[in-house]
Amino acid sequence: MNRWPCVDFAKLTDEVKQSQSGLKDLTILGGRCAECNLMGLLQEWNLIEMPFSIWEYCSEIVFEKNTIPQNITLLERGRVFGNSGDLMLRRNGIDFEWRFIGPAGIKEIAADYGPQNYWKTNINVMFHEKEETSLLWGKWNGERWIEDRVGAAKLDYPVKDTEKEERLQLNYKTFTHAGIVEFVWFTGLSEWVG
């Protein structure tokens, strides 16, 4: 009796060949900017097309839509994402390190924000791109999001039409090279497909 499922290597090979992404498909940038320049950095991006944001402050984490950080002094991490890209921020002392991944053709970023283009030193790298989802914690009970396994969880997902969406999933793309995930691009939220 064979306990192992049959693997169709031809199908797997075709999937890998069809899902390759490289210089012509992606913008990958990173850099470092001073805390006082963070708001300027955020204005460099099309935030309307990147509507979701996660702001991690010293005392709380907020998951919002169409917002900018309310208190940069207390901000530790941030993430702004959507179909037009994914910008991650991380405090490093008095500066913020940032990384962006999105579609090809993003305009040049001002030198004040220390931009470095990934493709300048990795011109021939090709990634295997895969669309993925993750179920978010919490369940809509008709009035609010609840999570009964973690009492302190503050679940304020920025979704308006919650009458249809009992549970939510995070949609994202992974970009792997040589079998290692190198970049993740959060693209949005949607109703969980279980």
Side-chain angles (χ1 to χ4, degrees), residues 4-33 41-42 44-47 49-56 61-65 75-92 95-106 109 113-138 150 153 155 157-159 167-194:
W4 302 103
C6 294
V7 176
D8 185 344
F9 288 104
K11 181 180 174 189
L12 288 175
T13 302
D14 286 342
E15 286 178 11
V16 169
K17 287 179 182 176
Q18 291 175 5
S19 66
Q20 290 189 346
S21 298
L23 170 65
K24 294 179 182 178
D25 309 300
L26 294 171
T27 297
I28 303 173
L29 302 170
R32 177 179 265 205
C33 78
L41 174 65
L42 289 171
E44 292 280 323
W45 309 99
N46 182 358
L47 297 180
E49 296 295 322
M50 296 165 43
F52 299 103
S53 55
I54 304 170
W55 304 115
E56 180 182 335
I61 299 173
V62 292
F63 200 148
E64 300 174 316
K65 194 168 185 181
L75 185 66
E76 292 294 323
R77 295 179 195 272
R79 194 155 190 169
V80 181
F81 62 93
N83 285 326
S84 70
D86 184 339
L87 174 66
M88 289 177 42
L89 308 165
R90 182 174 57 87
R91 180 178 288 282
N92 187 347
D95 295 331
F96 279 91
E97 293 180 357
W98 60 272
R99 186 237 36 169
F100 174 84
I101 183 168
I106 300 295
I109 302 301
Y113 312 115
Q116 295 184 22
N117 189 332
Y118 173 85
W119 298 114
K120 286 193 177 183
T121 56
N122 300 285
I123 195 164
N124 294 319
V125 173
M126 292 298 290
F127 295 107
H128 171 66
E129 179 181 335
K130 186 174 182 186
E131 294 200 20
E132 311 233 16
T133 62
S134 290
L135 178 64
L136 295 177
W137 283 24
V150 182
L155 306 172
Y157 299 128
V159 178
R167 298 199 64 132
L168 295 176
Q169 67 186 22
L170 174 68
N171 304 314
Y172 60 99
K173 297 177 185 180
T174 58
F175 297 90
T176 58
H177 178 68
I180 298 170
V181 175
E182 299 222 2
F183 298 100
V184 177
W185 171 357
F186 287 3
T187 56
L189 298 176
S190 63
E191 184 175 3
W192 177 51
V193 181

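Values below: every heavy atom of this structure, side chains too, minus hydrogens, waters and symmetry copies.
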To the nearest 0.5 angstrom, please state how far the [atom1] atom of [X] sits from the [atom2] atom of [Y].
| X | Y | atom1 | atom2 | answer |
| --- | --- | --- | --- | --- |
| M126 | S21 | CE | OG | 6.5 Å |
| I123 | L23 | CD1 | CG | 5.5 Å |
| K120 | L29 | NZ | CG | 9.5 Å |
| E132 | W185 | CD | CH2 | 15.0 Å |
| T187 | N171 | OG1 | CG | 5.0 Å |
| W119 | T27 | CH2 | OG1 | 9.5 Å |

With distance as the sole test, does [X] use its side chain to make a donor-acceptor pair with the main-chain N or O of [Y] at under 3.5 Å?
| X | Y | value |
| --- | --- | --- |
| D86 | F186 | yes |
| R91 | L75 | yes |
| T133 | Q169 | no |
| Y113 | L42 | no |
| H177 | H128 | no |

Please report the closest heavy-atom contact between [X] and [Y], naming both atoms and the distance.
| X | Y | result |
| --- | --- | --- |
| G85 | P103 | N-CD, 4.3 Å |
| V184 | I101 | O-CG2, 3.9 Å |
| P115 | W98 | CA-CZ2, 3.8 Å |
| F127 | V125 | CZ-CG1, 3.8 Å |

Determine which pairs satisfy salt bridge (Lys or Arg N to Asp or Glu O under 4.0 Å) with at least one residue from residues 170-179, sequence neighbours left out, and list them in order.
->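 For residues 170-179, and leaving out neighbouring residues, the salt bridge (Lys or Arg N to Asp or Glu O under 4.0 Å) pairs sorted by first residue read E129-K173.
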Do the side chains of [Y] and [X] get nearer than 4.5 Å, heavy atoms only?
| X | Y | value |
| --- | --- | --- |
| L47 | L87 | no |
| L135 | R167 | yes |
| R99 | R79 | yes |
| L189 | F63 | yes |
| F81 | L170 | yes |

Angle class for the F100/W45 ring planes (parallel below 30°, perpendicular above 60°, tilted otherwise)?
->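 The arrangement is parallel - the two ring planes meet at less than 30°.
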Take Y157 and F52, measure what side-chain contact (heavy atoms from CB on, under 4.5 Å) needs, and give me the verdict at the end.
-> CA-CA 9 Å; Y157 299 128; F52 299 103; over 6 Å; no
side-chain hydrogen bond (donor to acceptor under 3.5 Å, both in side chains) against R77, all qualifying residues, sequence neighbours excluded =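 Listed in chain order: nothing, the list is empty.
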